> 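Let me begin by handing over the structure; questions about it come next.
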Amino acid sequence: MDESNRNSSYLDEPPNSRLFLVTSKSITEEIIREHFTDFGEIQDIWVVKDKHTKESKGVAFVKFARSSQACTAMEEMHGRTLVEGTKPIKVFIAQSRSSGSHRDVEDEELTRIFVMIPKTFTEDNLKDNFKVYGDIEYAIIIRNKTTGDSKGLGYVRFHKPSQAAKAIENCDKNGELQVMFVAYRAIIAEPRTKNASADNDYFSTPRPEHVPNDPGSSSFLFAHESSSSYSGGGGGGDSWSSDITHCLVVSSRATITQEQIYSLFDLIPGMDYCEMQRDQYGFSKGQVVVRYSNLGSSVYAREKLHGFEYPPGNRLSVAYVDDGEDRTSPVGKMAMQLVAAQMMSVVWNGPSGAQLLKSSTQGFSAPPPPLQKARVQTDVTLPSLKKLLPPDTVAKERLFVIFNPSPLPIDVLEDVFCRFGSLIDVYLVPSRNVGYVKFAERKHAHDAITMLHGRVINGVKLKVMLADPPREESHKRQRTY
DNA sequence: CGACGGGACGC
DNA sequence: CGACGGGACGC
């Protein structure tokens with residue numbers, strides 16, 4: 001029964017995963033279960049009864065594991081008659097227990113998502129990435145009104161709550177598995193009339209408390225100097241040429257269109273061909289051939305998109321078309337990493353990376369940006385500079401660094417910590433003398449401790465140690481569905 | 001009209 | 001001593 005996972009059925013987590021049913025006094029838990037079980041994982045059914053007489057009040061709550069399951073059940077079951085002679089039932093998404101409101105939750109509040117996207121996305125990119133969940137009423141990107149620059153945020157309005165819920169769930173999956181850096185971290189948009197920023201079940205604790213002003217919050221913590229990211233790049237030379245075909249074949253069991261595959265694979269720069277394979281009668285063979293102008297992009301596309309669920313529930317298969325190229329060679333790997341680094345830069349740093357994108361489509365013969373060498377003064381000999389990994393790489397080890405008397409600049413820290421290898425990210429806690437350093441390889445982090453703990457860099461003494469795991473009540477979404 | 005129970009983590 | 005990053009729409 002529901003003793004399986006009390007946490008997930010206890011609160012309204014994930015949001016909008018609980019139904020409020022208006023039935024009849026004669027409708028029992030068993031009858032409800034029978035009619036709702038096929039929509040997903042039911043975690044709890046509760047028929048509200050009078051405390052004293054134990055008679056049903058004709059209302060019930062059904063908690064599903066996922067919002068999409070609850071929404072689909074609502075869409076399918078609202079207005080249905082469960083038992084001959086009883087009135088048709090009403091089905092709504094339940095108000096969260098903390099809200100205190102008993103107003104019906106309207107579809108209006110469940111069909112629009114607010115989503116964080118790369119700044120390079122256009123409205124069409126946004127639509128293309130979300131249309132797999134259903135017809136989109138509209139998609140808009142929030143822009144700076146004077147410059148027209150994207151703020152990296154958008155709204156997508158679907159027709160049905162279940163479509164919006166699926167979009168959100170799949171965005172979470174993307175962020176979690178780092179399958180792609182397409183749109184992710186989507187939430188149900190707050191209604192526009194309401195005052196923004198305040199009460200959001202997603203980011204505030206169930207018991208909203210006053211949060212003191214944070215004087216440092218205006219700085220853009222995500223924007224980081226990435227100059228050192230390229231310190232090791234460009235080593236492959238021009239040993240691959242653009243006239244070699246760099247072809248992939250994409251196979252899908254579900255029906256897909258050439259346009260869908262185009263949209264997906266065009267997110268990786270350098271695509272110069274995308275065609276559905278058809279038989280002599282023009283019927284799709286369920287295979288699309290994609291060619292990139294360079295090895296790195298094809299390797300990258302294969303790595304990132306093989307097994308990718310698109311549309312959700314359907315795993316794409318991406319294989320190389322045999323053209324004799326050895327992609328396991330160091331050159332192939334390096335080419336891929338270079339594409340990855342360039343894409344991260346282009347994607348997250350916005351239009352200024354357009355030139356970089358252009359050069360990469362031409363086989364990226366352009367040299368990496370010149371490294372602005374940070375001046376590092378210390379009494380130890382550090383290893384040579386190494387490349388940083390993309391910010392969304394999974395960290396295997398995290399260091400906690402204490403600075404005395406004051407923090408070193410981010411670029412100096414990146415310069416220092418990248419030298420041990422597999423550095424992902426350095427983060428300084430605002431207005432504190434501490435920071436975190438993420439590594440993809442445990443050994444590299446430990447090497448950094450061994451070499452840097454207790455040392456003085458640019459006159460700043462460091463304590464370098466393993467970080468404690470992040471605090472539990474972080475604002476990160478819990479994947480309980 | 002039609003809105004919130006029962007049971008109780010695991011060091 | 002020294003602890004955890006980003007979010008909102010011209011009506």
Side-chain angles (χ1 to χ4, degrees), chain A residues 1-3 5-7 9-12 18-25 29 44-51 54 56-61 63 87 89-92 94-105 112-117 119 138 140-143 145 151-155 157 184-198 200 202-203 214 216-224 348 391 398-405 407 410 425-430 432-438 461-476:
Chain A
M1 290 300 192
D2 68 324
E3 32 104 24
N5 191 346
R6 189 152 292 282
N7 284 333
S9 57
Y10 206 56
L11 301 170
D12 287 296
R18 197 172 59 124
L19 294 179
F20 172 57
L21 274 58
V22 182
T23 62
S24 307
K25 295 189 199 307
E29 174 181 332
D44 191 30
I45 297 179
W46 169 33
V47 174
V48 180
K49 294 173 179 152
D50 183 283
K51 276 202 177 59
K54 299 296 173 80
S56 165
K57 289 182 169 177
V59 303
F61 294 90
K63 172 71 177 72
K87 68 181 184 195
I89 64 170
K90 298 180 196 173
V91 184
F92 306 96
Q95 286 282 3
S96 69
R97 297 190 78 146
S98 55
S99 84
S101 164
H102 286 175
R103 172 185 56 82
D104 293 349
V105 176
R112 194 177 65 141
I113 65 170
F114 177 51
V115 59
M116 188 169 219
I117 49 178
K119 289 199 167 60
Y138 62 83
I140 56 159
I141 283 170
I142 302 167
R143 297 176 184 281
K145 286 182 240 345
K151 291 186 177 170
L153 299 167
Y155 294 100
R157 171 80 73 182
Y184 62 85
R185 199 169 280 215
I187 56 174
I188 289 292
E190 289 290 313
R192 108 138 38 130
T193 52
K194 231 169 108 180
N195 254 352
S197 85
N200 187 329
Y202 238 67
F203 294 106
D214 175 10
S217 64
S218 61
S219 57
F220 279 41
L221 294 162
F222 191 81
H224 66 274
W348 291 110
R398 213 168 52 123
L399 301 181
F400 180 56
V401 184
I402 302 152
F403 306 95
N404 195 351
I410 278 277
D425 190 43
V426 178
Y427 165 62
L428 288 175
V429 179
R432 292 278 135 89
N433 292 331
V434 300
Y436 295 91
V437 184
K438 289 201 296 198
K461 180 156 180 175
L462 303 188
K463 289 186 189 175
V464 184
M465 58 200 85
L466 295 180
D468 292 338
R471 264 209 326 244
E472 208 33 74
E473 54 174 358
S474 86
H475 284 183
K476 282 220 158 31

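Letters A, B, ... are given to chains in the order of the sequence lines, protein chains preceding strands, and every chain is numbered from 1. Remember, it's a predicted structure, so these values are computed and weren't measured experimentally. The figures that follow rest on heavy atoms only: side chains count, while hydrogens, waters and symmetry mates do not.
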> Which pair of heavy atoms, one from A:Lys51 and one from A:Lys54, lies closest together, and at what distance?
O-CE, 3.5 Å
> Has the side chain of A:Arg432 got a donor or acceptor that lies under 3.5 Å from a partner of the other kind on the base of C:dC4?
no
> With respect to the side chain of A:Ala94, which nucleotide from B:dA3, C:dG7, C:dG5 is positioned closest?
B:dA3
> What is the distance, rounded to the nearest whole Å, between atom CZ of A:Arg185 and atom P of C:dG6?
10 Å
> Pick base, sugar-phosphate or nothing for A:Ile142, based on heavy-atom distances below 4.0 Å to the nucleic acid.
sugar-phosphate
> Kindly assign one of parallel, tilted or perpendicular to the pair A:Phe400 and A:Tyr436, based on the angle between their ring planes and the thresholds 30° and 60°.
tilted
> Answer with yes or no whether A:Asn404 presents, from its side chain, a donor or acceptor under 3.5 Å of a partner atom in the base of C:dG2.
no
> Of all residues at least two apart in sequence or in a different chain, which pass the side chain to side chain contact (heavy atoms under 4.5 Å, CB included) check with A:Ile140?
A:Glu123, A:Tyr138, A:Tyr155
> Donor-acceptor pair, distance only, cut-off 3.5 Å: does the side chain of A:Ser24 make one with the backbone of A:Gly58?
no
> Side chain of A:Ile187 only, heavy atoms from C-beta on: which candidate in B:dG2, B:dC4, C:dA8 is closest?
C:dA8
> Contact class for A:Lys438 (heavy atom, under 4.0 Å): base, sugar-phosphate, or nothing?
base
> Rounded to whole Å, please give me the gap between CG in A:Leu21 and P in B:dC4.
15 Å
> Base, sugar-phosphate, or nothing: which does A:Asn433 touch, judged by heavy atoms less than 4.0 Å apart?
nothing
> A:Arg97 side chain: which of C:dC4, B:dG2, B:dC4 is closest?
B:dC4
> Give a yes or no on whether a donor-acceptor pair under 3.5 Å exists between the nucleobase atoms of C:dC11, that is its base, and the side chain of A:Arg192.
no
> How close or far is atom P of B:dG6 from atom CD1 of A:Ile45, stated in whole angstroms?
17 Å
> Using a heavy-atom cut-off of 4.0 Å across all strands, would you classify A:Val22 as base, sugar-phosphate, or nothing?
base
> Without decimals, in angstroms, what is the distance between A:Ile89 CD1 and B:dG2 P?
14 Å
> In the structure I gave you, are the side-chain heavy atoms of A:Leu399 and A:Leu466 within less than 4.5 Å of one another anywhere?
yes
> Evaluate whether the aromatic ring of A:Phe114 and the six-membered ring of the C:dA8 base sit under 5.5 Å apart, centre to centre, with an inclination under 30°.
yes
> Quick check: any donor-acceptor pair below 3.5 Å linking the side-chain of A:Asp44 to the base of B:dG5?
yes
> Does the side-chain ring of A:Trp46 sit on the six-membered ring of the B:dC4 base, less than 5.5 Å centre to centre and under 30° in tilt?
no
> With a centroid cutoff of 5.5 Å and a plane-angle limit of 30°, would you call A:Phe61 stacked on B:dC4?
yes
> Hey, is A:Phe400 doing a stacking thing with C:dA3, by the 5.5 Å centroid and 30° angle criteria?
yes
> Can you tell me how far P of B:dC1 sits from NZ of A:Lys87, to the nearest Å?
11 Å
> Out of B:dC4, C:dA3, B:dG2, which has the shortest distance to the side chain of A:Phe92?
B:dG2
> I'd like to check the ring pair (Phe, Tyr, Trp, His ring centres under 6.0 Å) partners of A:Phe61; sequence neighbours left out, ordered by chain and number.
A:Phe20, A:Trp46
> Looking at C:dC9, B:dG2, B:dC4, which one has an atom nearest to any side-chain atom of A:Glu190?
C:dC9
> Ignoring hydrogens, what is the shortest heavy-atom contact between A:Arg192 and A:Arg112? Give both atom names and the distance.
N-NH2, 3.8 Å
> If you check every side-chain atom of A:Met116, which of C:dG6, C:dC4, B:dG2 has the closest atom?
C:dG6
> Would you kindly check whether a donor in the side chain of A:Arg112 faces an acceptor in the base of C:dC9, or vice versa, at under 3.5 angstrom?
yes
> Nearest whole angstrom, please: distance from the P of B:dC4 to the NZ of A:Lys57.
5 Å
> Give a yes/no on whether any side-chain N or O of A:Lys145 is located under 4.0 angstrom from OP1 or OP2 of C:dA8.
no
> Establish whether the base of B:dG5 is bridged to the side chain of A:Lys51 by a donor-acceptor pair shorter than 3.5 Å.
no
> Between C:dC1 atom P and A:Lys461 atom NZ, what is the distance in whole Å?
17 Å
